[in-house]
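Since the structure comes first, as structure tokens, the remarks are kept for the end.
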Amino acid sequence: MSCNIVRVLFFVILFIIPPVSFAQGSFTVSGTVRSAKDGELLIGVPVRLQELSGKGAFTNEYGFFSLTLPEGHYTLVINYLGYEPYSQSFELKSGKKIDVELKEILRELKEVEVTAEKADQNVTSNEMSVNRMEVSEIKKIPVLFGEQDVLKTLQLLPGIKSAGEGNAGYYVRGGGADQNLILLDEAPVYNPSHLAGFFSVFNSDAIKDVTVYKGGMPAEYGGRLSSVLDVRMNEGNSKKLAVNGGAGLIFSRLTVEAPIIKDRSSFIVSGRRTYLDVFAKLSSDSTVRSSVFHFYDLNIKTNYKLNDKNQLFLSGYFGRDNFGLKDLLAFGWGNATFTLRWNHIYNGRLFSNTSLVFSNYDYLFSLGSEGNSISLSAGIRNYNIKQNYQYYVNPNLSFKFGFNSIYYIFRPSEVTIDTDNFNFSESHKRFALENSVYFSSSFTVKDRFSITPGLRLSLFNPVGKGQVYDFDAEGRVTDTTYYSSGEIITGYFGPEPRLMMSWLIDDESSLKASFTRTYQYLQLLSNSTSSSPMDLWMPSSKVIKPQSGNQYALGYFRNFKGNRYETSAEIYYKTMDNVIDYRNNADFGAAETIEGQIVQGKGWAYGLELFAKKKTGKVNGWIGYTISRTFRRFEEINGGDAFPAKYDIIHDISIVAIYDISKRVSLSSTWVFNTGNAVTFPSGKYEIDGQIAGYYTEKNGYRMPSYHRMDLGLTLYGKPRKRYESNWNFSVYNVYFRDNAYSIAFRRKAGDPEASEAVQITLFKFVPSVTYNFKF
Amino acid sequence: MYKNGLLMVLASLAFSGCEKVIQVDLNKADKRLVIEAILTDRDSGSFVRLTETVDYFGKNVFPGVTDAVVTITHTETARTDTLRHSGKGLYLKAGLKGLHGNEYTLRVAHRGSVYTSSSRMQKPVSIDSLLYTDQRNTPFAFHGDSGYYVTCRFKDDPAVENYYRINVEGKRNTGSFHGRMRSYHLLNDRFSNGEQVDYFLFDQTYDRGDLVKVELLSTDKAVYNYLITLERAINNEDGLSTASPANPETNIRGGALGYFAVYSSSVKSVTIK
């Protein structure tokens, strides 16, 4: 068995490693690309060589590029949207380092369009099903309560669907909300939203770059079935002290960044906090005065450049929601992440990054006060070491390889009762190890055909100590086994081949195809249809098998008019095994045996995504349209018949338009439309046990009403002063008062117990907001 | 004053949503037979009620099925009792009751279909005592001033898997409220097999002078499962709480809704003093 695996691996590796000829007389030019204004490293910038008809490389996630070329004279050219064109000629006779600083184009000069001769990244890169956004790009888009939110902006892209009205949660290509890997500076974020999901935990002031992979996932990512959201924090201004902030209806924000040692070390501290409770303090009602309701996010990051070859980054995020009423009740939840990274450049061709990552999510609900209380808490924590290498052989060939080890501590539920005559505490911790290695290569054949094969191998082991339960077919405990600390309970091995191919048809169009296999060893158990801070992360176990998925995607990419217009069409087909759902009317009573309430089955999804974007000019924006289906089948649910998943949203349209009317006025608008979620409604009713019960005929056989909404935003920039910039942002959510259904309830008619009615709840109709932003 | 006004403006901005009654086009589902069949070890209280499903937006009037043949067969003696229709879909037989440890089969024949279900009557578990405690100054004080909670104490049978339904009926003759308060609880011995159980009746508090009657019913797993899943299907009125609304898991074969419950019971009452 294991011998076979070794043989298979051998062949796979043979396939991954292309025939390499290491030419003699080659030298490497490498370096970093930064913004001249604040010294931030720039990600995904095309670095090209004029002499090689525009061939080159993209900067990696640390702004690093490397090109190994025969001896000669070259001109390095960078045309990057929003920055002035850059070019530098140099003689390559030995290893060379070029650090580039790109000058930002001032807003006042934006009408001057940059015309690149070569098609942009979406066409030329060997990536598909990827969207990359710089945070500056999203700042003008109107959103609920005027709070810029990267997760909500992502939902305006094809293939990414909102988990509900105003919700930061999302579904990607027919996958569940827990199938999205969300990374903040490489640390997993287990609950990306605040209060009822209306706000994400990502403060856009602290964030530099957001990349979402809907498919074609590179081999360095793993652990979730559907998507990866890679969020990178700002490093901090390494040129000068900068302060920016703002005040809106919900949050006030403040960010301070400055060099510690100029061009060598800098820091950023960025915080935001809600302040509705500050007003509550003014209330004449003592209960309101003593109540607590706030949430906050704090991002901190610092970096230190030891020398040209070594750089350290330390980043952390802390955020929490706190709600409470006097001594009666307290409810808090939040994430904490911590990442220490070390970039090392071996010889201009081999780039290494080592990360130590910590991440924690927990909640605590308590009633009563000290000495007389009941509390319930749960959480998940991990310690993580990641090693990534990127090896640039020449402009046509590069490798990535590395490993990742994660140690998890799951705390599904901890009950503590502390009263005068009764003390009780119970906890059921679980532990697990996830180890993975990966290898991928990227090579270009005959200038037009690029291929990136990769392989990721993952191994997941739930370990002791703890009780492990066995369940019978109905979810009842049949046996209990005790495992001591560190003892391996069971193991799952997941080979995850990845393949990405692209064919550059001409300078403006390309055809791409990808295959992605992924494994997922954690699942989020939720006992309600909407996301809740009390949703529970649980590991795969003897009972819950890991989920796995295959995705096939094909895409056509075409740019027009010197990259001013970007268009793409992608189709995908996806199969998923061991996806989870709950038994009909599942019981979430006892957390330690909750596994017995889970059923596992199959899922499949397919769709077509169309996207057109105008990137520059006075009027810019995009249109996205998705037609897609997603289904599930479980033996135990719906009589074993397939049914559409809740988020089987068939049609989905997003239009984003931004109009820069003048130097100081910018208008923006979004319009979204989508088919309603699939839901289960009663088709009749009956009386039993003195109560009225709904009679259900099929699962998810009904549809919520279609959803559509328009938002408007207006940004007024203050007179540009030398050191101080400001703007006012006005926005309206749901401009035309659309009554979108948040939920539909079936119940006895109010005032007439002999009849029944359906009641629709609408959350937000016409929500105006105003935000003031400043910067100096 | 204006401060509160400001708060209200903020709050209304934040939750400018609303609730409205809407028309939903529901499929016309075929009518299905609903069987509610109870057999107890007491002299009275056994019955079978047959009704049908109605359109969801129709009146809460559930026509009885009057033309069915309903029998209950005692497996051990092969004796079959026929229940007679006595109006509004209710089928009865005087003196019908079950014996502990014996199995019974319900059979309903209606319009060419036959529905059956079997269940074994459990040995009863007796209530040892009803205790009440003053919880007015504890975190359990949710229900205003009336602060007495009742606890039902009984000894679980270690030899079998026990499934219980506890019916509670409070009778109040004092204060502003006069009348009965009814509720029921479902529990099993998954984590308390063979132990003395002090079951805290958490959903209702009582005042001095209230009379509380508690009935501990022992039943089997299928009935317990039905009632648990029924409870979750009914408590889904907000449309959000259950991730997966579905019909309760019935123990009746043949495609009817409802259940056949066989209960053995133990009753005790206490007056709060």
Side-chain angles (χ1 to χ4, degrees), chain A residues 249 276 279-280 282-284 367-368 372-374 419 476-477 526-530 581-582 584-587 590 637 680-689 691-697 699 739 742-748 753-768, chain B residues 3-4 6-7 10 13-24 26-29 31-32 34 36 51-62 137-140 190-191 221 225 227-234 236-249 257-259:
Chain A
L249 286 184
L276 208 55
F279 291 102
L282 309 174
S283 169
S284 54
L367 287 171
N372 192 9
S373 68
I374 310 167
T419 62
R476 207 191 132 83
V477 176
S526 165
N527 66 352
S528 63
T529 50
S530 52
D581 206 323
Y582 310 103
N584 285 331
N585 302 305
D587 172 12
I637 298 176
T680 307
F681 288 156
S683 293
K685 62 181 171 182
Y686 58 100
E687 188 177 31
I688 194 91
D689 201 38
Q691 307 168 85
I692 310 265
Y695 165 44
Y696 299 100
T697 48
K699 185 165 168 102
D739 265 334
Y742 181 68
S743 72
I744 293 177
F746 289 84
R747 62 183 192 198
R748 287 195 181 196
E754 288 308 305
S756 302
E757 63 186 7
V759 177
Q760 170 184 309
I761 294 171
T762 299
L763 281 188
F764 303 115
K765 272 203 285 188
F766 198 84
V767 185
Chain B
K3 292 166 190 165
N4 280 336
L6 182 62
L7 253 187
L10 283 170
L13 280 178
F15 301 101
S16 58
C18 60
E19 204 182 271
K20 69 170 184 186
V21 175
I22 56 160
Q23 292 296 318
V24 177
L26 295 176
N27 303 331
K28 283 263 183 267
K31 283 191 188 316
R32 263 173 91 179
V34 181
E36 184 175 8
T51 51
E52 280 182 323
T53 57
V54 299
D55 286 348
Y56 193 85
F57 294 116
K59 285 270 171 211
N60 286 334
V61 176
F62 303 93
N137 297 311
T138 71
F140 298 104
R190 196 182 284 188
F191 299 111
K221 180 172 153 185
N225 256 347
L227 292 169
I228 282 278
T229 52
L230 173 69
E231 197 170 55
R232 284 188 216 116
I234 285 173
N236 190 33
E237 292 210 325
D238 57 4
L240 291 172
S241 51
T242 301
S244 47
N247 296 323
E249 292 164 16
L257 297 166
Y259 69 123

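Below, all heavy atoms of this structure are taken into account, side chains as well, without hydrogens, waters or symmetry copies. So that the names make sense, note that chain A is the first sequence line, chain B the second, and so on, each numbered from 1.
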*With a 4.5 angstrom heavy-atom cut-off, which part of D739(A) approaches chain B: side chain, backbone, both or neither?*
side chain
*Let me see the working for L26(B) and F746(A) under side-chain contact (heavy atoms from CB on, under 4.5 Å), right down to the final yes or no.*
CA-CA 11 Å; L26(B) 295 176; F746(A) 289 84; 4.0 Å; yes
Would you check if [X] and [Y] make a side-chain contact, meaning some heavy-atom pair closer than 4.5 Å?
| X | Y | answer |
| --- | --- | --- |
| F57(B) | K685(A) | no |
| I692(A) | Y56(B) | no |
| V759(A) | K20(B) | no |
| L230(B) | Q691(A) | yes |
| E52(B) | Y686(A) | no |
| Y259(B) | I688(A) | yes |
| C18(B) | T762(A) | yes |

Does any backbone or side-chain atom of [X] lie under 4.5 Å from a heavy atom of chain A? Answer side chain, backbone, both or neither.
| X | answer |
| --- | --- |
| V34(B) | side chain |
| I22(B) | both |
| T53(B) | both |

*Going from CG on N27(B) to OG on S683(A), what distance comes out if it is rounded to the nearest 0.5 angstrom?*
5.0 Å
*OG1/T697(A) to NZ/K28(B) distance, rounded to the nearest 0.5 angstrom?*
13.0 Å
*Inspect the surroundings of CD in Q23(B) and state if more than 12 heavy atoms from other residues, nucleotides or ligands are less than 6.0 Å away.*
no
For the student: nearest non-hydrogen atoms of [X] and [Y], plus distance:
| X | Y | answer |
| --- | --- | --- |
| V24(B) | A758(A) | CG2-CB, 3.7 Å |
| N60(B) | S756(A) | OD1-OG, 3.6 Å |
| T51(B) | E687(A) | OG1-O, 4.2 Å |

*Does a side-chain N-to-carboxylate-O contact under 4.0 Å join E19(B) and R747(A)?*
yes
_Residues that T680(A) engages under side-chain contact (heavy atoms from CB on, under 4.5 Å), provided they are two or more places apart_ = Y696(A), K699(A), N700(A), P245(B)
